[in-house]
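Accompanying notes for the structure given below.
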Protein chains: 2
Amino acid sequence: MSMAMSMVTRKITTTKIDFMNKSEVKVIGILERVGGFASAQELYQLLQRNGESIGLTTVYRSLQSLVSDKIVDQLRREDGEAIYRLCGDSHHHHLVCKQCGSTVEIEGSAIERWTKAMAEEHGFREVGHTAEIFGICPKC
Amino acid sequence: MSMAMSMVTRKITTTKIDFMNKSEVKVIGILERVGGFASAQELYQLLQRNGESIGLTTVYRSLQSLVSDKIVDQLRREDGEAIYRLCGDSHHHHLVCKQCGSTVEIEGSAIERWTKAMAEEHGFREVGHTAEIFGICPKC
DNA sequence: TGCGAAAATGAAAATCATTTTCATTTCTGA
DNA sequence: TCAGAAATGAAAATGATTTTCATTTTCGCA
């Protein structure tokens, strides 16, 4: 399966594509190939090896844009480097292994309720939240 | 209560103290005052303001050492900066206004339980978590 | 008590991911 | 076709963290 093909697939299954430029499409393409988390630097290297013409700056910019459009998830490795992956559409949280970096998507309805309760108690509006759990997975 | 006093308290209530040098004791002292998470840079500033003579390099080294001795917890802010706190501190979370930046400390026992439950369900050990709520405060 | 090895210290330089700047190129719509 | 807007990327800047290395302090022991 070519990357071009997967891009076409995405094109007809999302509406977001209309707001994406070439670079963002390239980044999505490589993220699809990777099929998990990768850092900006890694994605840049992979794109280079694939013969894509794209600068590191543009990779960073595209990722930022995709993250703020909720198309890509961003979290942090233990060394602080940001890692990215295509996100599923449902809102979820992550259980991340500090050792090997493997992640499990977890359910967070308790968090949603906590957020609402706390926001209400303090009169906050338009609330969102972040929540991640870090630990050491069974394998490690 | 002076910091010196709290250090003495710690001295007689832990065994780890025997393996600590002066700098590590200073760092622990300031972490006790902070009572929650702080970055290395922040801790360094606080120590300076307290008139302690300690270099930034040493703050980093002490923190590394304390982390590897399991005396201090390390996690990452969303921007990738490392933050530290004394292990076993009961910690709190923040309700942050997107507009004016004001923050309210909130209780998070629901989160603690959620963390434990999720970790257990997936067999994770040594878990920590981050959780913040963002919204617009009553004033804004 | 004094000596020498080992540990601790911190200033400065190095590292490395990420962001900013800015000049150039590409796109777009009238 | 043309002007303004958006995109691009090389190079410089930034900022946290680590490394280097020369100096100081601590500590065991003769």
Side-chain angles (χ1 to χ4, degrees), chain A residues 7 11 16-31 34 37-69 71-85 96 98 101 130 134, chain B residues 7 11 16-31 34 37-69 71-85 130:
Chain A
M7 281 188 276
K11 196 167 213 160
K16 298 278 184 177
I17 193 72
D18 299 329
F19 309 130
M20 286 181 206
N21 59 35
K22 283 181 182 173
S23 297
E24 288 166 14
V25 172
K26 283 181 191 168
V27 169
I28 287 182
I30 200 70
L31 278 170
V34 168
F37 282 107
S39 71
Q41 305 277 350
E42 288 163 356
L43 293 170
Y44 170 68
Q45 309 259 1
L46 288 169
L47 284 162
Q48 297 285 298
R49 270 183 235 141
N50 269 7
E52 293 286 352
S53 163
I54 188 172
L56 180 57
T57 307
T58 304
V59 172
Y60 274 105
R61 255 191 304 243
S62 300
L63 286 169
Q64 281 180 330
S65 165
L66 293 168
V67 166
S68 74
D69 285 350
I71 294 164
V72 163
D73 268 345
Q74 173 183 26
L75 32 111
R76 297 269 163 190
R77 287 213 185 112
E78 202 172 355
D79 68 356
E81 194 173 355
I83 50 178
Y84 307 84
R85 75 163 171 196
V96 185
K98 289 194 266 197
T130 62
F134 301 88
Chain B
M7 277 188 282
K11 199 167 213 160
K16 298 277 185 178
I17 194 72
D18 299 329
F19 309 131
M20 285 181 210
N21 58 33
K22 284 183 183 173
S23 297
E24 288 166 15
V25 172
K26 284 180 191 170
V27 169
I28 287 183
I30 199 69
L31 278 170
V34 167
F37 281 108
S39 70
Q41 305 277 349
E42 288 163 357
L43 294 170
Y44 171 67
Q45 308 261 0
L46 288 169
L47 285 163
Q48 296 286 298
R49 268 183 235 140
N50 268 10
E52 293 286 355
S53 164
I54 188 171
L56 181 57
T57 307
T58 304
V59 171
Y60 274 105
R61 253 190 304 241
S62 301
L63 285 168
Q64 279 179 333
S65 164
L66 292 169
V67 166
S68 76
D69 286 350
I71 294 164
V72 164
D73 269 345
Q74 173 183 29
L75 344 150
R76 296 271 164 190
R77 287 216 182 108
E78 207 168 346
D79 68 357
E81 194 175 354
I83 51 180
Y84 307 86
R85 72 162 177 203
T130 63

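Just so you know, these numbers use all the heavy atoms, side chains as well, and skip hydrogens, waters and symmetry mates. We name chains A, B, ... by the order of the sequence lines, and we start the count at 1 in each one.
- Here C:dA7 presents its P atom at 18 Å from CE of B:M20, a figure rounded to the nearest Å.
- With rounding to the nearest 0.5 angstrom, the OH atom of B:Y84 is 14.5 Å from the CD1 atom of B:I71.
- Not a single donor-acceptor pair under 3.5 Å links the side chain of A:R85 to the backbone N or O of A:A38.
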Contact state string [nucleotides 18-30 of chain C, B base, S sugar-phosphate only, - no protein heavy atom under 4.0 Å]: BBB------S---

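- Put simply, A:T58 has no side-chain N or O that comes within less than 4.0 Å of OP1 or OP2 on D:dT8.
- Within 4.0 Å of B:S53, counting heavy atoms only, lie sugar-phosphate atoms of the nucleic acid but no base atom.
- Computed from coordinates, the B:L63 CG to C:dG10 P distance equals 14 Å when rounded to whole Å.
- Look at CD on B:E42: it is 14 Å from C1' on D:dG15, rounded to the nearest Å.
- Atom pair B:Y44:OH and C:dA11:P shows a separation of 7 Å (rounding to whole Å applied).
- We find that CD1 of A:I54 is positioned 7 Å from P of D:dT8, with the value rounded to whole Å.
- B:L46 is linked by a side chain to side chain contact (heavy atoms under 4.5 Å, CB included) to B:I30, B:V34, B:R49, counting only residues two or more places apart in sequence or in another chain.
- A:I28 is listed as a side-chain neighbour of A:M20, based on a closest heavy-atom distance under 4.5 Å.
- Every residue two or more places apart in sequence or in another chain that forms a salt bridge (Lys or Arg N to Asp or Glu O under 4.0 Å) with A:E81 is listed here: A:R77.
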Got a list of side-chain donor-acceptor pairs under 3.5 Å for residues 53-67 of chain B, not counting sequence neighbours?
from: B:Y60; atom 1: OH; to: B:Q41; atom 2: NE2; distance (Å): 3.0
from: B:S62; atom 1: OG; to: B:T58; atom 2: O; distance (Å): 2.8
from: B:S65; atom 1: OG; to: B:E24; atom 2: OE2; distance (Å): 3.0

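- Between A:N21 and D:dT8, a side-chain N or O to OP1/OP2 separation shorter than 4.0 Å is present.
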